[in-house]
Amino acid sequence: MSSQPASPSDPSSDAAEIEAVVRDYIEGWYSGDVTRIDRAFHDELVKRIPASDDPDSLREVTKTRMIELTADGGGAAPDPEMDIDIDDIDTDIAAARVVSPEYVDYLHLVKTSSGWKIANVLFRNRD
């Protein structure tokens, strides 16, 4: 396995770049910052949440919809507390987890010509 250790303290590492993208996503959401959300997500983002009314279904959110929701105020929480864990980095793909005040998000990232982007998110509301 060719995984690299996650060391966010090294600013030149992929881990630091991935953490910056994850922060753009979650901090951008809570501050209503469309620029950060747009920068974090791959154009072909697929973000899903289990449907609350049907355990066999998933509700899907696109990048366009996330930008709209963010422009409407997003999570509207200044300086939210969050935990970010980078679980694995393997060449040009990575996995991370974010726990924020409202959500638990599992992220898949891909390294593109313009840097790391979030391609997939599976999330749920925190109980």
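Sequential numbering from 1 along the given sequence is applied to the chain's residues.
Taken to the nearest 0.5 Å, the CD atom of Glu44 stands 10.5 Å off from the CG atom of Asn120. The distance from atom CE of Met66 to atom CD1 of Ile118, rounded to the nearest 0.5 Å, is 9.0 Å. Expressed to the nearest 0.5 Å, how far CD of Glu19 lies from OG of Ser13 amounts to 9.0 Å. Here Ile86 contributes atom CD1 and Asp88 contributes atom CG; the two are 10.5 Å apart, rounded to the nearest 0.5 Å.
In summary, Asp24 and Arg36 engage in a salt bridge, as defined by a charged side-chain N under 4.0 Å from a carboxylate O. Ionic pairing of Arg48 and Glu60 is present here: one or more N-O contacts between side-chain nitrogen and carboxylate oxygen are shorter than 4.0 angstrom.
With a 4.5 Å cut-off on side-chain heavy atoms, Lys117 and Lys111 do not count as touching. By the 4.5 Å heavy-atom criterion applied to side chains, Val110 and His42 are counted as neighbours. Contact annotation: the side chain of Asp105 never approaches that of Arg97 to less than 4.5 Å [non-hydrogen atoms, C-beta and beyond]. Contact annotation: the side chain of Leu107 approaches that of Tyr25 to within less than 4.5 Å [non-hydrogen atoms, C-beta and beyond]. The shortest side-chain heavy-atom distance between Leu109 and Ile93 does not fall under the 4.5 Å cut-off. Proximity of Val121 to Leu45: side-chain heavy atoms (C-beta onward) are separated by under 4.5 Å at one or more points.
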Derivation and outcome, side chain to side chain contact (heavy atoms under 4.5 Å, CB included), residues Asp33 and Glu27: CA-CA 8 Å; Asp33 189 332; Glu27 292 173 1; over 6 Å; no
Begin from the C-alpha positions of Ile49 and Asn125 and carry the test side chain to side chain contact (heavy atoms under 4.5 Å, CB included) through to its verdict. CA-CA 8 Å; Ile49 184 170; Asn125 292 317; 4.2 Å; yes
Between Val99 and Arg126, does a side chain to side chain contact (heavy atoms under 4.5 Å, CB included) hold up when you go through it step by step? CA-CA 8 Å; Val99 178; Arg126 284 185 67 184; 3.6 Å; yes
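Under the 4.5 Å side-chain heavy-atom criterion for grouping Ile, Leu, Val, Met, Phe, Trp and Tyr, Val46 is not connected to Val104 through any hydrophobic cluster. Hydrophobic clustering (ILVMFWY, side-chain heavy atoms < 4.5 Å, transitive): Leu122 and Trp29 are in distinct clusters. Residues Val61 and Val98 share a single hydrophobic cluster, defined by chaining ILVMFWY side chains whose heavy atoms lie under 4.5 Å apart. Under the 4.5 Å side-chain heavy-atom criterion for Ile, Leu, Val, Met, Phe, Trp and Tyr, Ile18 and Met82 are members of the same hydrophobic cluster.
In this structure a side-chain-to-backbone donor-acceptor pair under 3.5 Å is missing from Asp85 to Asp87.
Contacts classified as salt bridge (Lys or Arg N to Asp or Glu O under 4.0 Å) and involving residues 62-73 (residues at least two apart or in different chains) are given here: Asp38-Lys63, Asp43-Lys63, Arg65-Glu68. Counting only residues at least two apart or on different chains, the ring-ring contact (aromatic ring centres under 6.0 Å, His included) pairs with a member in residues 106-127 are Tyr103-Phe123.
A donor-acceptor pair shorter than 3.5 Å can be found between the side chains of Ser114 and Thr112.
Scanning both residues, Tyr30 and Ser100, for their nearest heavy atoms gives OH-OG, 3.1 Å. Listed here is the closest heavy atom pair of Thr70 and Val34: CG2-N, 3.8 Å.
The environment of CZ in Arg59 is sparse: at most 12 heavy-atom neighbours from other residues, nucleotides or ligands sit within 6.0 Å.
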